Structure formats: C-alpha cells, structure tokens
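Just so you know, residue 1 is the first one in the sequence shown, and it goes up from there. The structure presented is a predicted model; accordingly, all values stated were derived computationally and were not measured.
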Amino acid sequence: QVQLVESGGGLVQAGGSLRLSCAASGRTFSNYAMGWFRQAPGKEREFVGAINRYGGTYYADSVKGRFTISRDNAKNTVYLQMNSLKPEDTAVYYCAADFQGGLSTSSREYDYWGQGTQVTVSS
C-alpha cells in the first residue's frame with residue numbers, strides 16, 4: 001500500500017504563494033499517477049491537477065497558469081506550487097495516488113488518499 005501525508009498548508013494573503021508537499025511512505029510511488037484535489041466547506045471535492053509517471057501534467061481551468069505540479073521520485077514526493085492565490089482557492093487540499101490511470105480528473109479513479117492540508121487565502 002501507499003501512505004500519503006500532505007504538508008505546507010497555511011494562511012496566506014491574496015496574491016501570495018504557497019508550496020504543498022505530499023510525501024509517500026510504505027513503497028516507492030514511481031509507477032503511480034498523482035492527483036491533487038481540494039474541497040471547500042459545503043462544496044464538492046474538485047479536481048485541481050494531476051501528473052503521470054512520465055511527468056506529464058493536466059490542470060483544471062480554475063488553476064491553469066497559476067498552479068504547477070511536479071514530482072521527485074527519488075524522494076517519493078509530489079509538489080503543488082500555488083501562485084497568485086485567490087480567496088476562492090481556500091480549501092482542504094488532498095493528494096491521491098492512482099496506480100491504474102494516467103491523468104484522471106475523477107476522485108473515484110484514485111486508490112490512496114492523504115488526510116489533507118488546509119489552505120486559507122485572505123482578502
């Protein structure tokens with residue numbers, strides 16, 4: 001199995017930047033596609049972006065051009081660099097691992113999930 005732990009969340013002012021990390025343990029995740037999702041209070045969980053095992057990426061329109069996903073397989077870690085943050089980016093951010101898929105936007109496709117890290121963007 002794969003265990004995922006997110007870190008790097010916090011409070012930031014609008015226009016600022018934040019870098020989230022997702023560290024995997026239990027086994028090497030080099031063969032997994034990795035996704036980032038977020039969920040705000042009272043809202044459904046939504047897709048943010050994903051990276052496949054080759055380094056290819058795909059992003060939701062709401063974050064395209066502002067967020068960047070990368071991975072370091074030697075460290076079993078995936079990153080979400082968030083720039084030009086907006087109050088509507090406020091949410092709990094989750095990373096997830098998908099052994100079967102490539103760049104799925106559906107949470108149902110992912111096999112393992114972290115417990116999330118809170119990101120709050122003030123006006």
Just by distance, do the side chain of [X] and the backbone of [Y] share a donor-acceptor pair under 3.5 Å?
X: Q81; Y: T68; result: no
X: Q39; Y: A91; result: no
X: N52; Y: G55; result: yes

Co-membership, hydrophobic cluster, residues [X] and [Y], 4.5 Å side-chain:
X: V78; Y: F99; result: yes
X: L20; Y: Y94; result: no
X: L4; Y: V92; result: no
X: V63; Y: I51; result: yes

Criterion side-chain contact (heavy atoms from CB on, under 4.5 Å) on M82 and W36, from CA distance to verdict:
CA-CA 12 Å; M82 304 184 294; W36 285 96; over 6 Å; no
Sequence neighbours excluded, which residues qualify as side-chain contact (heavy atoms from CB on, under 4.5 Å) partners of S106?
S104, R108, E109
Would you say Q115 has more than 12 foreign heavy atoms packed within less than 6.0 Å of its CD?
no
Is it the case that atom NZ in K64 sees more than 12 heavy atoms from other parts of the structure closer than 6.0 Å?
yes
Euclidean distance, [Y] [atom2] relative to [X] [atom1], rounded to 0.5 Å:
X: R53; Y: N31; atom1: CZ; atom2: CG; answer: 6.5 Å
X: E46; Y: S62; atom1: CD; atom2: OG; answer: 5.0 Å
X: Y93; Y: L18; atom1: OH; atom2: CG; answer: 9.0 Å
X: Q3; Y: S25; atom1: CD; atom2: OG; answer: 4.5 Å

Can a cation-pi geometry be assigned to R71 and Y79, taking NZ or CZ under 6.0 Å from the six-membered ring centre and within 45° of the ring axis?
no
Verify side-chain hydrogen bond (donor to acceptor under 3.5 Å, both in side chains) between S17 and N83, making sure each step is shown before the conclusion.
CA-CA 4 Å; S17 298; N83 299 324; 2.9 Å; yes
Pairs meeting criterion salt bridge (Lys or Arg N to Asp or Glu O under 4.0 Å) with involvement of residues 86-100, two or more places apart:
R38-D89, R66-D89
With sequence neighbours excluded, what pairs up with F37 under the ring-ring contact (aromatic ring centres under 6.0 Å, His included) test?
F47, Y110, W113
Within the 4.5 Å heavy-atom criterion, are [X] and [Y] side-chain neighbours or not?
X: F67; Y: L80; result: yes
X: Y58; Y: T105; result: yes
X: I69; Y: Y59; result: yes

Which heavy atom of [X] sits nearest to which heavy atom of [Y], and what is that distance?
X: T90; Y: V121; answer: OG1-N, 2.9 Å
X: T77; Y: S21; answer: CG2-CB, 4.3 Å
X: C22; Y: M34; answer: SG-CE, 4.3 Å

